[in-house]
Amino acid sequence: MRTQLWVHQLKQLMDAKSFYELNEKFEALNTNYSSDYANGSTGVNSTTRKLVDQELKTKYGFESLKASDFYLIGPTVEDDEGELEFIRLWDALAGPIEGLWEILFWYDFSTELQHELGLSFKVKISLIIARLFNTTEPQAEWLQKDRPNVVAEAYRRGEILVDLRLLTAVIAVWRLANFMKDSVHLADYMMIGLLDKAAEDLVSPLAPKLTEINKNRATNKIEKPKKTNEYPSFYRNFLQHLINLDSPKVQRFNEVVNKFNDYIPARPNLISHKDGSETFEFEQNNGFDHFIANAEGTRVSECLKSKFQTFRGSAP
């Protein structure tokens with residue numbers, strides 16, 4: 001994923017019409033075909049990234065911006081002054097837990113004070129809740145599994161605005177909630193709401209599915225062309241990463257519930273027979289199964305696995 005974002009954003013930065021044109025602009029890419037980076041079949045190494053950064057500065061006049069930050073930090077957005085700001089997407093997706101708090105402090109500076117005061121997690125994320133639900137106290141309907149996701153519905157109707165900053169912050173909230181076992185259901189709900197459409201709208205354009213056919217025009221290099229659909233898109237890799245993060249937590253939850261079911265003692269049931277005799281049968285009820293039933297369909301990985309069914313026969 002990092003390599004895909006790096007090369008796609010570099011292509012956009014240089015206003016290159018194709019990856020072949022991007023190769024022509026950088027000596028460091030002459031033997032490392034950027035379309036292989038773009039489709040995810042090859043990872044870019046640190047040496048190539050440093051060489052590209054050097055050429056950006058010496059050849060193209062980029063004094064402060066480093067393309068390697070796309071790989072190390074994440075994509076960019078424009079800040080309030082119109083300057084490019086790197087969004088810490090990689091930290092949100094795979095960074096240490098301590099770094100997730102830094103993302104929340106960056107998104108809402110008041111969170112840092114709330115954190116030091118020891119306020120509840122739900123209070124600390126109140127701004128994020130408000131931006132997704134248009135209130136800090138969502139109506140109880142979001143708790144009902146048979147109702148449409150109100151965050152998804154609000155986004156589709158244009159009632160809320162979601163940008164990369166907010167998406168990144170929600171991912172950080174989701175990982176923190178699962179780590180602390182605090183407001184997990186709410187965090188899952190917000191994530192599922194964004195994954196309905198908003199995430200695709202924001203993530204897919206960062207590194208669109210590679211459709212370029214002519215990868216290499218060098219006469220001294222002949223290789224069999226690879227079909228672009230052999231490799232998943234950046235967006236699909238993003239979704240798969242979320243599944244990989246969440247699935248072990250769901251499995252652990254189910255294992256713990258089942259373990260406690262085994263601790264429930266069997267209860268004797270009196271059985272009366274036609275001849276007047278009585279016997280006892282011992283039946284063991286799985287008294288904690290309702291926890292698993294209540295959680296079904298509310299976890300991110302379950303939502304995305306069903307979403308992946310729609311990708312069969314096509315690549316997002």
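These values consider heavy atoms only, across backbone and side chains, with no hydrogens, waters or symmetry-generated copies.
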message: Is it the case that the side chain of Asn149 and the backbone of Tyr189 share a donor-acceptor pair, with hydrogens and angles ignored and the cut-off at 3.5 Å?
response: yes

field: Lys59 atom NZ, over 12 foreign heavy atoms within 6.0 Å
entry: yes

message: With a 3.5 Å distance limit and no angle check, can you tell me whether Arg175 reaches the backbone of Leu245 through a side-chain donor-acceptor pair?
response: no

message: Test side-chain hydrogen bond (donor to acceptor under 3.5 Å, both in side chains) on Gln4 and Asn237; report intermediate values, then the result.
response: CA-CA 10 Å; Gln4 287 176 298; Asn237 284 334; 2.9 Å; yes

- prompt: Could Lys11 and Phe19 be counted as a cation-pi pair, given that NZ or CZ must be under 6.0 Å from the ring centre and within 45° of the axis?
  reply: yes

- line: Between Ala67 and Leu56, the two heavy atoms sitting closest are CB-CD1, 3.5 Å

message: If we ignore hydrogens and angles and just use 3.5 Å, is the side chain of Ser68 paired with the main-chain N or O of Lys50 as donor and acceptor?
response: no

- prompt: What is the minimum heavy-atom distance between Leu65 and Phe86, and which atoms define it?
  reply: CG-CZ, 4.4 Å

query: Does Met190 reach the side chain of Phe133, with side-chain heavy atoms less than 4.5 Å apart?
result: yes

task: Mind listing the closest non-hydrogen atom pair of Ala199 and Phe238 along with its distance?
output: CB-CE2, 4.3 Å

message: Please check this pair: side chain of Asn45 against backbone of Thr48, looking for a donor-acceptor N/O pair closer than 3.5 Å.
response: yes

- prompt: Any side-chain heavy atom of Leu202 within less than 4.5 Å of one from Leu194?
  reply: no

query: Would you say Phe105 and Ile97 are hydrophobically clustered, going by side-chain heavy atoms of ILVMFWY under 4.5 Å?
result: yes

- request: Check step by step if side-chain contact (heavy atoms from CB on, under 4.5 Å) holds for Trp174 and Asp246.
  value: CA-CA 10 Å; Trp174 176 64; Asp246 194 52; 3.7 Å; yes

message: Pair Tyr71, Val44 - check side-chain contact (heavy atoms from CB on, under 4.5 Å), show working.
response: CA-CA 9 Å; Tyr71 185 94; Val44 63; 3.9 Å; yes

message: Is it the case that the side chain of Tyr60 and the backbone of Lys25 share a donor-acceptor pair, with hydrogens and angles ignored and the cut-off at 3.5 Å?
response: yes

query: Nearest heavy-atom pair of Ile160 and Val151: which atoms, and what distance?
result: CD1-O, 3.8 Å

query: What pairs of residues pass the side-chain hydrogen bond (donor to acceptor under 3.5 Å, both in side chains) test when at least one of them lies in residues 89-113, not counting sequence neighbours?
result: Glu85-Trp106, Arg88-Asp91, Tyr107-Arg131, Asp108-Ser110, Asp108-Thr111

- request: Answer yes or no: are there more than 12 heavy-atom neighbours, outside Leu161 itself, under 6.0 Å from its atom CG?
  value: no

task: Give, for atom CG of Leu5 and atom CG of Leu89, the distance between the pair rounded to the nearest 0.5 Å.
output: 7.5 Å

In one Ile/Leu/Val/Met/Phe/Trp/Tyr side-chain cluster, 4.5 Å: Ile103, Leu119: no

- request: Determine, step by step, whether Leu186 and Ile129 satisfy the side-chain contact (heavy atoms from CB on, under 4.5 Å) criterion, reporting the C-alpha distance in whole Å, the side-chain angles of both residues, the deciding distance to 0.1 Å, and the verdict.
  value: CA-CA 9 Å; Leu186 175 60; Ile129 293 173; 3.7 Å; yes

message: Within the structure provided, determine whether Leu100 and Phe179 are in side-chain contact (heavy-atom separation under 4.5 Å).
response: no

- line: One should read off an interatomic distance between Leu113 CG and Leu117 CG, to the nearest 0.5 angstrom, of 4.5 Å

statement: Closest non-hydrogen atoms of Ser183 and Lys122, given as atom of the first, atom of the second and distance, are OG-CB, 4.3 Å

field: Side-chain (Lys181) to main-chain (Asn178) donor-acceptor, under 3.5 angstrom
entry: yes

message: Is the shortest side-chain heavy-atom distance between Val7 and Leu22 below 4.5 Å?
response: yes

Value rounded to 0.5 Å, distance of CD in Glu24 from CE in Met14: 12.5 Å

task: Provide the closest heavy-atom pair for Leu164 versus Ile87 in the form atom of the first, atom of the second, distance.
output: O-CG2, 4.2 Å

- request: Kindly say whether the aromatic ring centers of His8 and Phe234 come within a distance under 6.0 Å.
  value: no

query: When rounded to the nearest 0.5 angstrom, what is the spacing between CZ in Phe121 and CG in Leu104?
result: 6.5 Å

Separation of Leu167 CG from Leu195 CG (nearest 0.5 Å): 7.5 Å

- prompt: Does the side chain of Val184 come within less than 4.5 Å of Lys249's, by heavy atoms?
  reply: no

- request: Output the distance between atom CG (Asp53) and atom OG1 (Thr58), rounded to the nearest 0.5 Å.
  value: 10.5 Å

- prompt: Is Phe26 reachable from Leu51 through a run of I, L, V, M, F, W or Y residues, each pair having side-chain heavy atoms under 4.5 Å apart?
  reply: no

- prompt: Is a side-chain N or O of Ser35 found less than 3.5 angstrom from the main chain of Ala38, in a donor-acceptor match?
  reply: no

message: Measuring only between side-chain heavy atoms, which start at C-beta, is Leu242 closer than 4.5 Å to Leu93?
response: yes

message: As a quick check of understanding, evaluate side-chain contact (heavy atoms from CB on, under 4.5 Å) for Val170 and Leu132, giving each step before the final call.
response: CA-CA 10 Å; Val170 172; Leu132 294 181; 4.0 Å; yes

task: Answer yes or no: is there a donor N or O on one side and an acceptor on the other, between the side chain of Gln9 and the main chain of Leu206, under 3.5 Å?
output: yes

message: Checking the side chain of Asp36 only, and the main-chain atoms of Thr42 only, is there a donor and an acceptor separated by less than 3.5 Å?
response: no

